[in-house]
Enquirer: 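Mind looking over this structure? Questions follow.
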There are 2 protein chains.
Amino acid sequence: MYRIGELASQCDIKADTLRFYEKHGLLAPSSRSESGYRLYTKEDAARLRFILRAKTVGFTLNEISELLSIELDKANWACADVKGMVDNKLEQVESKIIELTQFANSLQSLSNACCGGPDSAEHCSILEALESEDKQLNAKNEIAHKGHHHASK
Amino acid sequence: MYRIGELASQCDIKADTLRFYEKHGLLAPSSRSESGYRLYTKEDAARLRFILRAKTVGFTLNEISELLSIELDKANWACADVKGMVDNKLEQVESKIIELTQFANSLQSLSNACCGGPDSAEHCSILEALESEDKQLNAKNEIAHKGHHHASK
DNA sequence: CTTGACCTTAGATTAAACTCTAAGGTTTAT
DNA sequence: ATAAACCTTAGAGTTTAATCTAAGGTCAAG
């Protein structure tokens, strides 16, 4: 059982942020002490790490709470509904991975093009890298769109 | 050459957002028409797509402009500086990819655990998936930390 | 037995990233 | 030639996600 300050410092956030998440339905402590202190379990901590990870990869708190609501409502949902919702989110995550990978490729090719020496970087342009990335992107999209429809948003 | 509204609707954003990006040094049109209209080139559009992609994968506008400043200043930087900065960002991108992949694994295992039928989802818990994900995560970190130092932040 | 580091609440303030409003100039379509 | 649909600026308003403030209760160490 962690108290609010312990959990906060463990996860490198403020206690305020935990109270904020609680107020907005993302994470409530499993119990309270006699004196009313919030008491977080290991499971609460796992849930928090999930929230923080989701945030760093670009999900909004609303999207995250949508995801977590699957857990809260599980008794009231049919398994098929849950699966649908999860698969939907999974598609979003996978398209983010694709974008990030393209992003990484773009940076990698810039880094590769760069001599790394003491001379001016006149000929190391991120835009040059971007342009080649866009060409790659278009090529990949053509392949991707052959196989399956991508109905995000 | 695109005018502001054309580029905006092409990229599914508001013209306001383009003016905002200009004011904050992220993207200025390459030229103006006689009457003062912003005129964006294909390269400007590529830069915009880069910005938007970076945003969807969780970079802040500040981080993005730091990235793009490499391009603007390239004549004043040594190639080694550019390479260092790019490699630094690349590390951030790669750790985001790792986090997203873990995220995707977690969702995938939830989806797999789910019978997908009309029964209650009582036993399909995202937390169950998260817990196994955390175990995986710890195992992976141990492996990852053997090979190389990870100095993010 | 009190000082300092915790905890509580509710509500105000901040920062980032838009988004809109006002007041007006320009261009294209009929 | 005039209305609709653009464009301009400057600045105000909104949303999201915290972060801080005020006013006070609790606890462990000296």
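A, B, ... follow the sequence lines: proteins, then strands. Residue 1 opens every chain. Hydrogens, waters and symmetry mates play no part in the numbers below; they use all other heavy atoms, side chains included.
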Enquirer: Kindly indicate whether a cation-pi arrangement holds for K96(B) with F59(B), taking the cut-offs as under 6.0 Å to the six-membered ring centre and within 45° of the axis.
Expert: yes
Enquirer: What I want to find out is whether E22(B) reaches R32(B) closely enough, with some N-O distance under 4.0 Å, to be called a salt bridge.
Expert: yes
Enquirer: Do T41(A) and D44(A) meet the criterion of a side-chain donor-acceptor pair at a distance under 3.5 Å?
Expert: yes
Enquirer: Starting at atom CG of L48(A), determine the distance to atom C1' of dA18(D), rounded to an integer number of angstrom.
Expert: 14 Å
Enquirer: Would you say the side chains of E66(A) and N62(A) form a donor-acceptor pair under 3.5 Å?
Expert: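 Short answer, no.
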Enquirer: Walk along nucleotides 3-21 of chain C from 5' to 3' and tag each nucleotide B, S or - by protein heavy-atom contact under 4.0 Å, base first, then sugar-phosphate.
Expert: ----SBB-------BBBB-
Enquirer: Looking only at atom types and distance, does a side-chain atom of E91(A) sit under 3.5 Å from a main-chain N or O of N88(A), one as donor and one as acceptor?
Expert: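 Pair absent, no side-chain N/O of E91(A) close to backbone of N88(A).
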